[in-house]
Participant: 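Pasting a structure below so you can have a look.
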Amino acid sequence: MPKNHYTQVLHCQHECVRDLATRPGRLSPVENYLPLHYDYLQFAYFQAGRNEEALECALTYLLFHEGEEFMTENMEYYREVLGHDGQPHKVRHGSAR
């Protein structure tokens with residue numbers, strides 16, 4: 001593979017969150033994009049009755065904002081309903097091939 005390919009992959013990984021967080025027509029990214037993403041995702045899973053995934057997203061959100069009261073309450077609710085603890089969402093990084 002050409003050296004340029006690896007440079008492009010590294011650049012893409014570095015800029016990914018910024019690019020995803022910038023809405024069309026705007027110049028600046030949405031603040032707090034990743035935690036906000038996991039907040040919305042945990043709520044959607046809750047609405048769909050998928051409490052296991054909702055707990056996973058709540059725990060991931062708390063990695064960004066440890067001790068946030070509303071999400072800690074959500075996490076405790078999911079643990080009570082499920083009867084067990086969970087793990088934060090596993091982030092998978094792409095690899096250059």
Side-chain angles (χ1 to χ4, degrees):
M1 291 268 157
K3 186 176 183 178
N4 191 29
H5 170 73
Y6 295 108
T7 305
Q8 288 176 339
V9 169
L10 289 173
H11 176 75
C12 181
Q13 287 178 340
H14 183 265
E15 299 295 319
C16 180
V17 173
R18 184 186 60 80
D19 290 347
L20 286 173
T22 304
R23 294 181 185 155
R26 295 190 57 165
L27 298 176
S28 59
V30 173
E31 272 196 50
N32 223 9
Y33 174 75
L34 284 176
L36 189 60
H37 167 81
Y38 283 107
D39 180 18
Y40 288 139
L41 193 55
Q42 75 80 34
F43 183 71
Y45 280 135
F46 168 74
Q47 291 290 312
R50 295 173 61 180
N51 292 325
E52 191 80 41
E53 291 92 342
L55 173 59
E56 195 176 88
C57 290
L59 289 166
T60 305
Y61 177 93
L62 288 169
L63 292 174
F64 294 96
H65 298 291
E66 186 177 351
E68 186 81 45
E69 188 176 348
F70 82 94
M71 194 59 77
T72 301
E73 290 172 1
N74 290 351
M75 176 196 62
E76 290 169 359
Y77 167 80
Y78 297 130
R79 285 177 173 170
E80 186 177 315
V81 167
L82 294 169
H84 64 82
D85 199 1
Q87 295 295 317
H89 183 76
K90 292 184 182 188
V91 177
R92 294 173 187 89
H93 294 285
S95 61
R97 293 183 186 200

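Residues take their numbers from the sequence shown, with the count starting at 1.
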Participant: Could you work out, with side chain to side chain contact (heavy atoms under 4.5 Å, CB included) as the rule, every residue matching Glu73, not counting sequence neighbours?
Facilitator: Glu69

Participant: Which word best sums up how the rings of Phe64 and Tyr38 line up, parallel for under 30°, tilted for 30 to 60°, or perpendicular for over 60°?
Facilitator: parallel

Participant: Got a sec, which residues hit side chain to side chain contact (heavy atoms under 4.5 Å, CB included) with Tyr40, two or more places apart in sequence or on another chain?
Facilitator: Leu36

Participant: Name each donor-acceptor pair under 3.5 Å that joins a side chain in residues 80-87 to protein atoms two or more places apart or in another chain, with its distance.
Facilitator:
{"residue": "His84", "atom": "NE2", "partner": "Glu52", "partner atom": "OE1", "Å": "3.3"}
{"residue": "Asp85", "atom": "OD1", "partner": "Arg79", "partner atom": "NE", "Å": "2.7"}
{"residue": "Asp85", "atom": "OD1", "partner": "Arg79", "partner atom": "NH2", "Å": "2.7"}
{"residue": "Asp85", "atom": "OD2", "partner": "Arg79", "partner atom": "NH2", "Å": "3.4"}

Participant: Test of understanding: with side chain to side chain contact (heavy atoms under 4.5 Å, CB included), list the residues that count as partners of Arg50, not counting sequence neighbours.
Facilitator: Tyr45, Ala48, Glu53

Participant: Say whether Leu63 and Phe43 are linked into one hydrophobic cluster, either directly or through other cluster members, by side-chain heavy-atom distances under 4.5 angstrom.
Facilitator: no

Participant: Give me the atom names and distance for the closest heavy-atom approach of Gln42 to Cys57.
Facilitator: CB-CB, 3.5 Å

Participant: List for me each residue that meets side chain to side chain contact (heavy atoms under 4.5 Å, CB included) alongside Phe70, sequence neighbours excluded, and say none if there are none.
Facilitator: Asp39, Tyr61, Glu68, Asn74

Participant: Just checking Gln47: does its CD atom have more than 12 heavy atoms from other residues, nucleotides or ligands closer to it than 6.0 angstrom?
Facilitator: yes

